[in-house]
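Below is one structure; the comments refer to it alone.
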Amino acid sequence: MEKTLSTLYCRQCGSTHILAKAWVNPNTHQFDSLLTNPVDTEDGWCEYCEEHCELVTIEKLWDDFSIIPINDNDELEEQFLDFEPGTSRYDVWHWFDERCPNGLAVDLMGEQPKQQ
Ligand SMILES: [Zn+2]
């Protein structure tokens with residue numbers, strides 16, 4: 001899957017194995033992309049959680065992560081996505097970094113891209 005900042009994730013677990021509701025002609029089963037766009041991100045479905053979830057971008061997840069308390073050892077003090085309390089914040093940063101087309105520093109921390 002191509003990395004983009006518009007990719008949607010399950011807000012509960014961070015999975016991309018998600019479904020959004022779509023408008024389909026019941027007679028032809030033809031998917032109406034115009035009527036479905038934009039997708040209903042409030043009420044998506046996560047195949048991993050097996051329940052309804054909010055669908056959010058990586059930027060929103062980064063916002064969510066910013067309010068998770070971190071202790072003096074750089075460990076999470078609360079659960080975030082699938083990361084248990086006690087996980088190193090750098091493990092979480094790595095998770096974000098892997099999903100950012102230009103890397104965590106540029107896409108989410110607002111650093112200027114390095115000149116080529
Ligand atoms: Zn989920």
Side-chain angles (χ1 to χ4, degrees):
M1 200 167 70
E2 197 189 340
K3 292 183 189 180
T4 82
L5 289 178
S6 57
T7 299
L8 293 171
Y9 299 84
C10 166
R11 196 175 185 179
Q12 299 303 319
C13 73
S15 171
T16 51
H17 295 272
I18 49 171
L19 298 172
K21 285 191 243 173
W23 289 97
V24 173
N25 182 318
N27 299 314
T28 63
H29 295 176
Q30 200 171 6
F31 166 58
D32 190 317
S33 57
L34 274 182
L35 208 53
T36 298
N37 192 18
V39 298
D40 179 2
T41 53
E42 301 276 301
D43 188 17
W45 178 265
C46 177
E47 296 184 307
Y48 185 80
C49 298
E50 297 189 321
E51 61 184 12
H52 290 267
C53 67
E54 196 180 337
L55 306 178
V56 294
T57 61
I58 197 82
E59 288 167 294
K60 184 68 191 167
L61 288 178
W62 183 246
D63 270 0
D64 287 352
F65 181 57
S66 72
I67 61 165
I68 299 290
I70 306 286
N71 68 21
D72 291 342
N73 295 322
D74 287 317
E75 294 163 346
L76 279 60
E77 294 200 314
E78 289 174 14
Q79 172 104 13
F80 174 71
L81 304 180
D82 271 352
F83 298 101
E84 302 282 341
T87 304
S88 165
R89 80 189 314 166
Y90 300 106
D91 288 352
V92 183
W93 284 10
H94 184 71
W95 185 90
F96 277 101
D97 194 46
E98 281 181 329
R99 284 157 179 79
C100 289
N102 305 300
L104 168 64
V106 171
D107 287 339
L108 297 175
M109 291 176 162
E111 278 184 26
Q112 295 302 312
K114 291 195 177 68
Q115 299 295 325
Q116 298 292 338

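All residue numbers refer to positions in the sequence shown, counting from 1. Read the numbers this way: they start at 1 and go in the same order the structure lists the ligands and their atoms.
Seen from the Zn ion (ligand 1), atom SG of C13 and atom SG of C10 lie 110° apart in angle, a value rounded to 10°.
Among the atoms of C49, an N, O or S atom is found under 2.8 Å from the Zn ion (ligand 1). For the Zn ion (ligand 1), the N/O/S atoms of C46 include one lying under 2.8 Å.
Within the 3.5 Å criterion, the main-chain N or O of E98 finds a donor-acceptor partner in the side chain of K3. Listed for the T57 side chain is no donor-acceptor partner under 3.5 Å among the backbone atoms of S6. Using a distance-only test at 3.5 Å, with no hydrogens or angles considered, a donor-acceptor pair links the side chain of D107 to the main chain of N102.
Within 6.0 Å of the CZ atom in F96, the count of heavy atoms belonging to other residues, nucleotides or ligands exceeds 12.
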